[in-house]
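Taking it in order: structure first as structure tokens, then the write-up.
This is a predicted model, so every value here is computed, not measured.
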Amino acid sequence: MSDIYKSAEGERVLRERYLAYLDRWPVPADRLRVPTRQGETFVMASGPEDAPPLVLLHGSGANAAMWMPDVPVWAQHFRVLAIDMIGEPGLSAPSRAPLDSDAHALWLDDVLEALGVRSAAFTGTSLGGWLALDYAIRRPERVERLALQCPGGVGRQKYGLLLASVLLLPFGQWGRRLTMNRAMGTASTGTTPEDRERGEYVMLVHRNFRPRMEKLPVFGDDALRGLTMPMLVVLGGRDALMDSHESRRRLQQAVPHARISFLPEVGHLITEQTRPILKFLLTREEAASDD
């Protein structure tokens, strides 16, 4: 059993459920396993092989399955590379390299080299947004565009929710569900069968997976100023995990060319961004023809 799981049985259950999700991937895809210095990395690759590459980096406690609603649209225009990040509940190595180092940039170097990608557009959410920013700061020549949702490393992290989760966990499933709803900024797990299934999977991860607990390194102003590539950043005004108001302020000051979409009534879980992100990623002419 890997240390990132609470039990061997929990690891088995999560793996089986994830594989079942992958069997329902909405478009044809190649399941790739590439070697890296941090261990094997799993990638779901969709879209034409000769299309421009788009790298997807999911959030903490997640995996490539989170992109399933987006991939059918994005794969019409890009070679979409949904990467299972190391140390998360996917099919990549369980290794957790230190965040305050270049270890993750070197890992992504290995992944891109194995995939034959010299540069790409990147889309990331939460921890994946932090990773995309870290890579863009360290490897600006390899990042063509950045589309981020509630990225870490800009505004401060909020720790009140962590304390609340510790207090609520003794209340079993109700406490875990309430904690997740508060974190995501949602009132329930959803009303459709797909929403309920997704909510049940999130709860299953919450019961069996040990998330990263260390504080995300915050990028300095000089590092942010060095980001010259086109950027779209989507922030939720009611984000319970990141200070989105501080993120907006710092980005406006340090990266004035960045396009910031601030959604005042939205929490950490940001949905319905498939088309807005696509229009940002495409050139102006392509976006017009896509309409």
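Between the NE2 atom of H268 and the SG atom of C150 there is a distance of 4.0 Å, given to the nearest 0.5 Å. From I137, atom CD1 reaches atom CZ of F219 across 4.5 Å, with rounding to the nearest 0.5 Å. For the atom pair W130 CH2 and L216 CG, the distance stands at 7.0 Å (nearest 0.5 Å). Note that OG of S95 and CG of D3 are 12.0 Å apart. Values are rounded to the nearest 0.5 Å. Between atom CG of residue N63 and atom CZ of residue R15 there is a gap of 11.5 Å, rounded to the nearest 0.5 Å. S7 contributes atom OG, which lies 11.0 Å from atom CZ of R207 (distance to the nearest 0.5 angstrom).
The pair R12-E16 counts as a salt bridge, with a side-chain nitrogen and a carboxylate oxygen less than 4.0 angstrom apart. One finds no salt bridge joining R139 and D134 here, because no Lys/Arg side-chain nitrogen approaches an Asp/Glu carboxylate oxygen to under 4.0 Å. Between R17 and E200 there is no salt bridge, since none of the side-chain N atoms of the basic residue sits less than 4.0 Å from a carboxylate O of the acidic one.
Looking only at side-chain heavy atoms (C-beta outward), T271 and V266 stay at 4.5 Å or farther from each other. Annotation: side chain of H104 is not in contact with side chain of Q38 (no heavy-atom distance under 4.5 Å). Looking only at side-chain heavy atoms (C-beta outward), L282 and F78 come within less than 4.5 Å of each other. Side-chain contact between V255 and R225 is absent, with no heavy-atom pair separated by less than 4.5 Å. Here the side chains of M231 and R145 are not in contact, with every heavy-atom distance at 4.5 Å or above. Side-chain contact between Q253 and D221: absent, with no pair of heavy atoms (C-beta onward) separated by less than 4.5 Å. With contacts defined as side-chain heavy-atom distances shorter than 4.5 Å, the pair L235/S261 does not qualify. Here the side chains of K279 and L232 are not in contact, with every heavy-atom distance at 4.5 Å or above.
Nearest approach of R275 to V73, heavy atoms of both residues: CZ-CG1, 3.8 Å. I260 and R248 make their closest contact through CD1-O, 3.9 Å (heavy atoms, listed as atom of the first residue, atom of the second, distance). Contact between E88 and L127 at its shortest, heavy atoms only, is OE2-CD2, 3.6 Å. Considering every non-hydrogen atom in both I270 and V234, the closest pair reads CD1-O, 3.5 Å. Nearest heavy-atom pair, T274 versus P69, reported as atom, atom and distance to 0.1 Å: OG1-O, 4.3 Å. In this structure, R212 and L99 approach most closely via the heavy-atom pair NH1-CG, 3.8 Å.
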Would you sort out whether D243 and Q157 count as a side chain to side chain contact (heavy atoms under 4.5 Å, CB included), showing the intermediate values? CA-CA 6 Å; D243 188 335; Q157 284 180 260; over 6 Å; no

Trace of the salt bridge (Lys or Arg N to Asp or Glu O under 4.0 Å) decision for D109 with R138: CA-CA 11 Å; D109 283 345; R138 296 177 186 273; over 6 Å; no

Check the pair E144, R118 against salt bridge (Lys or Arg N to Asp or Glu O under 4.0 Å), reporting the backbone distance first and the verdict last. CA-CA 10 Å; E144 298 174 4; R118 297 185 62 183; over 6 Å; no

Apply side chain to side chain contact (heavy atoms under 4.5 Å, CB included) to residues L148 and T123 and explain how you reach the verdict. CA-CA 6 Å; L148 309 174; T123 294; over 6 Å; no

Go through the steps to decide whether L263 and Q273 satisfy the test side chain to side chain contact (heavy atoms under 4.5 Å, CB included), and finish with yes or no. CA-CA 11 Å; L263 309 175; Q273 296 301 304; 4.0 Å; yes

Run the side chain to side chain contact (heavy atoms under 4.5 Å, CB included) check on V218 and R156 step by step: do they pass? CA-CA 8 Å; V218 174; R156 67 178 179 85; over 6 Å; no

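By the 30° and 60° cut-offs, the orientation of the rings of F42 relative to Y18 is perpendicular.
Both the sub-6.0 Å distance and the 45° axial angle are not jointly satisfied by R142 relative to the ring of Y135.
For T36 (side chain) and G39 (main-chain N/O), a donor-acceptor pair under 3.5 Å exists by modelled atom type. Judged by distance alone, the side chain of R250 and the main-chain N or O of V154 form a donor-acceptor pair under 3.5 Å. Distance alone, capped at 3.5 Å, is enough to place a donor-acceptor pair between the S101 side chain and the A103 backbone. A donor-acceptor contact shorter than 3.5 Å is absent between the side chain of D239 and the backbone of G267. At least one donor-acceptor pair closer than 3.5 Å links the side chain of D110 to the backbone N or O of R37.
Under a hydrophobic clustering in which Ile, Leu, Val, Met, Phe, Trp and Tyr are joined whenever their side-chain heavy atoms come within less than 4.5 Å, directly or via other members, L106 and L112 fall into different clusters.
Taking the six-membered ring for Trp and the full ring otherwise, the centers of Y201 and Y21 sit less than 6.0 Å from each other.
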What donor-acceptor contacts under 3.5 angstrom involve side-chain atoms of residues 44-62, with partners at least two apart or in another chain?
| residue | atom | partner | partner atom | Å |
| --- | --- | --- | --- | --- |
| S46 | OG | W25 | NE1 | 2.9 |
| H58 | ND1 | A62 | O | 3.4 |
| H58 | NE2 | M85 | N | 3.0 |

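Atom CD of E141 sits in a crowded spot, with more than 12 heavy atoms from other residues, nucleotides or ligands closer than 6.0 Å.
Between the side chains of W107 and T41, at least one donor N or O sits under 3.5 Å from an acceptor N or O.
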